[in-house]
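For this chain, numbers begin at 1 and follow the sequence in order.
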Amino acid sequence: MTPPLLQPPGYLPVPDGTHPPLNSPGYKSTGIRAPSQQPVVLPHRLTEVTGPLLTGPVNPGDDDLTIGEHGEAAGQRIVVFGRVLDSDGRPVPDTLVEVWQANAAGRYAHRWDNWPAPLDPNFTGGGRALTDSLGNYSFTTIKPGAYPWGNHHNAWRPAHIHFSLFGRAFTQRLVTQMYFPDDPLFAQDPIFNSVPEESRHRMVSTFDLAATRPEWALAFRFDIVLRGREQTHFEEPHA
């Protein structure tokens with residue numbers, strides 16, 4: 001006998017128009033990456049909805065991207081911190097927050113990144129942390145540099161950090177990007193501009209002078225709201 005499908009209590013579908021379209025003409029590669037057919041909804045049963053809890057994969061130092069084998073990473077050291085909240089402003093503990101980003105020169109530590117900027121052996125390019133009981137997370141990293149990406153003439157990506165959030169199961173994953181305030185490249189970036197104008201600010205961090213660490217690091221706050229009117233915009237999964 002096939003067990004019945006489970007629907008988490010209180011779960012409401014995301015309203016139409018909340019997320020950017022999967023095929024955004026200004027973002028050229030979505031023309032071949034966006035699904036050409038309707039997604040297939042896979043049934044979520046007890047295992048997918050309830051577990052496993054992601055409480056074990058984070059080690060001491062995983063939240064610091066700046067310490068390499070031979071010294072500190074080059075660039076402007078920053079602290080990126082915030083809270084993961086639900087639509088009612090309640091903290092979401094035990095959320096696995098993962099980040100990845102380019103280094104200060106705009107180069108990813110990835111074999112397919114051929115931008116001729118220097119790699120930094122002391123910059124890991126990725127990190128992870130678990131939210132605490134109040135939904136707090138924090139990373140020590142370097143402000144990423146802009147880089148060209150060939151989408152259109154003279155195309156440069158604004159400085160940004162990729163975020164991935166896992167809930168209580170691997171099927172509960174959300175991905176988004178965090179930007180920095182007042183970036184001059186916002187106006188020509190089709191990824192940033194694919195999000196409705198009135199809510200783009202939800203993807204932009206806030207400079208927090210009170211949280212800076214004197215003579216050591218600047219600080220940027222980035223709270224992530226999972227659902228509701230103030231929801232952070234996430235990238236929709238590709239079928």
Problem set entry | Non-hydrogen side-chain atoms of Pro190 and Lys28 separated by less than 4.5 Å | no
For this session: Would you tell me whether His162 and Glu98 have side-chain atoms, one donor and one acceptor, within less than 3.5 Å of each other?
Result: no
For this session: Answer with yes or no whether the side chains of Gln177 and Arg157 bring together a donor and an acceptor at under 3.5 Å.
Result: yes
Exercise. Does the side chain of Thr131 reach to within under 4.5 Å of the side chain of Val97, using non-hydrogen atoms?
Worked result: yes
Problem set entry | 4.5 Å side-chain heavy-atom contact, Phe163 and Ile224 | yes
Exercise. What orientation do Tyr137 and Phe139 show, parallel under 30°, tilted 30 to 60°, or perpendicular over 60°?
Worked result: tilted
Exercise. Taking the six-membered ring where the residue is Trp, are the ring centres of Phe207 and Phe180 under 6.0 Å apart?
Worked result: no
Problem set entry | Residues Leu22, Tyr27; criterion side-chain contact (heavy atoms from CB on, under 4.5 Å); working and verdict | CA-CA 10 Å; Leu22 293 176; Tyr27 181 9; over 6 Å; no
Problem set entry | Any donor-acceptor N/O pair, Asn103 side chain to Pro118 backbone, under 3.5 Å | yes
Exercise. Judged by atom type as modelled, is there a donor-acceptor pair below 3.5 Å linking the side chain of Thr124 to the main-chain atoms of Gly126?
Worked result: yes
Exercise. Which heavy atom in Leu85 sits nearest to a heavy atom in Val92, and how many Å separate them?
Worked result: C-CG2, 3.8 Å
For this session: Return yes if a side-chain donor-acceptor contact under 3.5 Å exists between Tyr179 and His201, otherwise no.
Result: no
For this session: Taking the side chain as every heavy atom from C-beta outward, state whether Leu65 and Thr140 have any pair of such atoms under 4.5 Å apart.
Result: no
Exercise. Heavy atoms, side chains only, cut-off 4.5 Å: are Phe186 and Val204 in contact?
Worked result: yes
Exercise. Are Trp156 and Asn154 close enough that a side-chain donor and a side-chain acceptor fall under 3.5 Å?
Worked result: yes
Seminar exercise, completed: Correct closest heavy-atom pair for Ala117 and Ala105 would be CB-O, 3.5 Å
Exercise. So, Arg77 versus Thr66: side-chain donor-acceptor pair below 3.5 Å or not?
Worked result: no
Seminar exercise, completed: side-chain hydrogen bond (donor to acceptor under 3.5 Å, both in side chains) filter on Asn151, not counting sequence neighbours, yields none
For this session: Verify, without hydrogens or angle tests, whether Asn193 (side chain) and Asp189 (backbone) share a donor-acceptor contact under 3.5 angstrom.
Result: yes
Problem set entry | Short side-chain donor-acceptor distance under 3.5 Å, Asn59 and Arg128 | no
Exercise. With Asp208, which residues qualify under side chain to side chain contact (heavy atoms under 4.5 Å, CB included), at least two apart?
Worked result: Phe81, Ala210, Ala211, Arg221
Problem set entry | Minimum heavy-atom distance Phe123-Ala102, with the two atoms named | CE2-O, 3.7 Å
Problem set entry | Expected output: side-chain Asn122 to main-chain Gly71 donor-acceptor under 3.5 Å | yes
Exercise. Which residues pass the salt bridge (charged side-chain N to carboxylate O under 4.0 Å, His left out) test with Asp86, sequence neighbours left out?
Worked result: Arg90
Exercise. Is there a donor-acceptor pair closer than 3.5 Å between any side-chain N or O of His160 and the backbone N or O of Pro158?
Worked result: yes
Exercise. Asp223 and Gly82: which non-hydrogen atoms are nearest, and at how many Å?
Worked result: OD1-CA, 3.3 Å
Exercise. Can you tell me how far CG of Leu226 sits from CG of Leu165, rounded to the nearest 0.5 angstrom?
Worked result: 6.5 Å
For this session: Can you establish whether the number of heavy atoms outside Asp182 located under 6.0 Å from its atom CG is more than 12?
Result: no
Exercise. Do you know the tightest heavy-atom contact between Asp120 and Ala74?
Worked result: OD2-N, 2.8 Å
Exercise. Minimum heavy-atom separation for Pro144 to Ala159, with atom names?
Worked result: O-CB, 3.3 Å
Exercise. Judged by atom type as modelled, is there a donor-acceptor pair below 3.5 Å linking the side chain of Ser205 to the main-chain atoms of Phe220?
Worked result: no
